[in-house]
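Below: the structure, in structure tokens.
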Protein chains: 2
Amino acid sequence: MRDHATVKGMQRAELARRTGSNLETVRYYEKVGLLPEPPRTAAGYRSYDVAHERRLRFILRARELGFSLEEIRGLLRLVDERDRPCAEARDVAAVHLADIRAKIADLRRMERVLKHVVAQCGDGTLPECPLIETLFGEAA
Amino acid sequence: MRDHATVKGMQRAELARRTGSNLETVRYYEKVGLLPEPPRTAAGYRSYDVAHERRLRFILRARELGFSLEEIRGLLRLVDERDRPCAEARDVAAVHLADIRAKIADLRRMERVLKHVVAQCGDGTLPECPLIETLFGEAA
DNA sequence: GTAATGTCTGTAGTCACTACAGGGTCAAGA
DNA sequence: TCTTGACCCTGTAGTGACTACAGACATTAC
């Protein structure tokens with residue numbers, strides 16, 4: 001412990017391990033400005049504290065819920081700058097929820113068609129493959 | 001019509017218009033080898049025929065069903081090289097169907113959590129925003 | 001003749017990472 | 001003291017599937 005800046009700090013690998021995230025991802029979030037740059041030791045090593053860890057967990061949980069980094073940036077700004085950000089945060093989530101529902105609807109359409117086509121293919125011994133015919137649009 | 005290569009050929013813009021695809025996308029598919037390079041007029045303009053259009057439609061339909069370009073490349077190879085590709089094509093589709101079902105499951109998890117959180121936020125006048133607390137993991 | 005439109009090429013940007021290459025630093029063991 | 005191996009640093013390039021643009025050439029209409 002040769003530098004007082006290292007007091008209670010953890011390095012990038014430990015932060016990544018504790019949060020279950022990839023080491024490089026942490027640096028990436030720093031680069032794009034979602035995580036603040038941590039103080040450095042004399043040798044230039046990053047030294048994180050619990051506030052960094054908390055913020056990183058926020059980002060990771062939001063990613064698990066499918067928020068884009070831009071949406072997360074907006075949510076973090078609400079956290080940082082506002083007293084009562086609940087209405088704005090809820091709106092961000094509501095828009096995102098609508099996006100997700102639209103994606104689910106798209107995927108369900110795909111699922112329905114594929115399920116039907118795979119069933120038509122059966123054991124795969126047909127001379128004209130229903131999947132391929134469907135894609136060519138000749139037996140849609 | 002100064003060049004016999006243009007006989008019955010259409011240009012890129014017309015192909016894109018007829019298939020509802022983006023002009024640049026056609027060139028991209030050519031670049032990555034999904035569409036064969038069409039013959040050129042004397043001035044170097046691409047000249048497509050109905051076979052190109054048919055193949056492009058195949059690709060576009062497969063994209064609508066969520067197949068990746070690599071999967072599509074595999075399907076097109078089956079079309080080009082095999083007599084009875086149905087079993088192999090069906091397997092590609094079955095794997096893809098499983099992927100789609102996994103994605104739907106992921107999105108439904110997100111949807112469930114978001115729906116719950118947005119409902120908790122209510123009219124957005126709470127002093128502690130349930131969404132933000134959830135993301136910080138303090139009220140999960 | 002010229003203006004407007006079309007086409008050509010290659011390159012760079014998008015999103016959210018991930019994976020290097022090529023170096024510096026540090027702690028423990030021989 | 002030296003070395004070994006594990007860690008850390010930076011910047012850059014790659015992923016997938018496009019999309020957009022710059023700068024040049026061709027064609028068409030008037």
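The sequence lines fix the lettering, A, B, ..., with proteins before strands; numbering per chain opens at 1. Just so it is clear, the structure is predicted and the values come from calculations on it, not from any experiment. Below, all heavy atoms of this structure are taken into account, side chains as well, without hydrogens, waters or symmetry copies.
Protein atom CG of A/L56 is 16 Å distant from nucleotide atom P of C/dA16, rounded to whole Å. Between the C1' atom of C/dG13 and the OH atom of B/Y28 lies a distance of 14 Å, rounded to the nearest Å. The distance between atom CD of A/E71 and atom P of C/dA16, rounded to the nearest whole Å, is 9 Å. Atom pair A/N22:CG and C/dA16:C1' shows a separation of 12 Å (rounding to whole Å applied). Following rounding to the nearest Å, A/K31 (NZ) and C/dT18 (P) show an atom-to-atom distance of 13 Å. Nucleotide D/dT15 holds its C1' atom 12 Å from the CD atom of B/E70, rounded to whole Å. In this structure, the OH atom of B/Y48 is 16 Å from the P atom of C/dG6, given to the nearest Å. B/Q11 places its CD atom 16 Å from the P atom of C/dT5, with the value rounded to the nearest Å.
Note on A/Y29: only backbone sugar-phosphate atoms sit closer than 4.0 angstrom, heavy atoms only; bases stay farther off.
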* To do: With side chain to side chain contact (heavy atoms under 4.5 Å, CB included) as the test, would you mind laying out the steps for A/F67 and B/L114 before giving the verdict?
  => CA-CA 11 Å; A/F67 285 101; B/L114 285 168; 3.7 Å; yes

* Going through the distances and angles, do A/E70 and A/R73 end up as a salt bridge (Lys or Arg N to Asp or Glu O under 4.0 Å)? -> CA-CA 5 Å; A/E70 278 317 299; A/R73 193 188 303 283; 3.0 Å; yes

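Residue whose closest nucleotide on DNA chain D sits further toward the 5' end, between A/R46 and B/Y45: A/R46.
Considering only side-chain atoms of A/E24, the nucleotide from C/dT9, D/dC18, C/dC20 that sits closest is C/dC20. Here the nucleotide nearest the side chain of B/R27, chosen from D/dC8, C/dT9, D/dA17, is C/dT9.
Looking at heavy atoms from C-beta onward, A/S21 lies in side-chain contact with A/L56 at the 4.5 angstrom threshold. Here the side chains of A/Y28 and A/N22 are not in contact, with every heavy-atom distance at 4.5 Å or above.
The side chain of A/T25 places an N or O atom within less than 4.0 Å of a non-bridging phosphate oxygen (OP1 or OP2) of C/dT18. Remark: B/R40 is not in phosphate contact with C/dT7, judged by side-chain N or O atoms under 4.0 Å from OP1 or OP2. For B/R12 and C/dC8, the shortest distance from a side-chain N or O to OP1 or OP2 is below 4.0 Å. The shortest distance between the side-chain N/O atoms of A/R63 and the OP1/OP2 oxygens of C/dC17 is below 4.0 Å.
A single hydrophobic cluster is seen to contain both B/V32 and B/Y48, as judged by linkage of ILVMFWY side chains at heavy-atom distances under 4.5 Å, directly or through other members.
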